[in-house]
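I have placed the structure first, in the form of structure tokens, so that the comments after it can refer back to it.
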Amino acid sequence: MTINNFHRLIRLSSPKLNNIIVLGVVVLYTAAVLFAIPTQSESVVSRLCVARLWFLSIGVSLAFGTIIMKMFRVYLIFSNPTPKRKKVS
């Protein structure tokens with residue numbers, strides 16, 4: 001899914017985590033599309049409401065959880081008093 005994965009800057013930006021962020025944003029956009037669907041039937045409304053909630057929750061968790069995890073990794077790297085060479089995956 002990542003193009004030019006061999007470049008140093010791409011590798012350092014954690015492309016696997018970037019892909020998870022993109023997946024979360026796509027799920028959020030799907031939730032936005034679900035909010036635009038007009039409904040009349042009560043059974044459809046209840047199912048659609050549950051689907052909206054799930055898509056919104058999963059999308060926010062994937063997108064923002066991954067961003068927070070990336071920030072925590074940067075914090076650990078820069079707050080380490082004795083830096084050791086580690087392989088960034």
Side-chain angles (χ1 to χ4, degrees):
M1 195 168 174
T2 305
I3 299 172
N4 296 327
N5 201 14
F6 54 89
H7 290 294
R8 181 175 182 266
L9 288 176
I10 300 294
R11 279 194 321 244
L12 290 176
S13 72
S14 305
K16 291 179 184 176
L17 294 178
N18 292 342
N19 291 340
I20 295 173
I21 293 171
V22 170
L23 177 67
V25 170
V26 168
V27 172
L28 282 171
Y29 279 133
T30 305
V33 169
L34 290 177
F35 275 104
I37 297 175
T39 56
Q40 297 295 328
S41 172
E42 192 165 321
S43 64
V44 174
V45 170
S46 65
R47 290 182 183 140
L48 193 58
C49 188
V50 170
R52 290 172 182 163
L53 182 67
W54 274 99
F55 275 90
L56 204 60
S57 300
I58 291 170
V60 168
S61 297
L62 284 174
F64 291 109
T66 309
I67 291 171
I68 291 170
M69 188 169 43
K70 283 180 79 167
M71 287 191 314
F72 184 69
R73 280 183 56 205
V74 171
Y75 167 76
L76 288 179
I77 290 170
F78 285 106
S79 68
N80 192 357
T82 57
K84 297 177 186 173
R85 189 124 192 155
K86 293 182 182 178
K87 182 179 179 185
V88 178
S89 59

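Hydrogens, waters and symmetry mates play no part in the numbers below; they use all other heavy atoms, side chains included. Because the structure is predicted, anything quoted here is derived from the model rather than measured.
Between I20 and M69, every side-chain heavy-atom pair lies at or beyond the 4.5 Å cut-off. Residues L56 and L28 form a side-chain contact, since some pair of their non-hydrogen atoms from C-beta on lies under 4.5 Å apart. Two residues are said to be in side-chain contact when any heavy atoms from C-beta on lie closer than 4.5 Å; L48 and V45 fail this criterion.
Atom OH of Y75 has 12 or fewer heavy atoms from other residues, nucleotides or ligands within 6.0 Å.
Taken together through direct or relayed side-chain contacts under 4.5 Å among Ile, Leu, Val, Met, Phe, Trp and Tyr, L34 and Y29 form parts of separate hydrophobic clusters. One hydrophobic cluster, built from ILVMFWY side chains closer than 4.5 Å, holds both V50 and I58. L53 and V26 fall into different hydrophobic clusters, where Ile, Leu, Val, Met, Phe, Trp and Tyr side chains are chained together by heavy-atom contacts under 4.5 Å.
Judged as a side-chain hydrogen bond (donor to acceptor under 3.5 Å, both in side chains), and not counting sequence neighbours, the contacts of S41 are S43.
Residues R52 and I37 come closest through the heavy atom pair NH2-O, 3.5 Å. The two atoms that bring V27 and F55 nearest to each other are CG1-O, 3.2 Å, heavy atoms only.
The distance from atom CZ of F72 to atom CD1 of I77, rounded to the nearest 0.5 Å, is 11.0 Å. Note that CD1 of I67 is 11.0 Å distant from CG of L62, once rounded to the nearest 0.5 Å.
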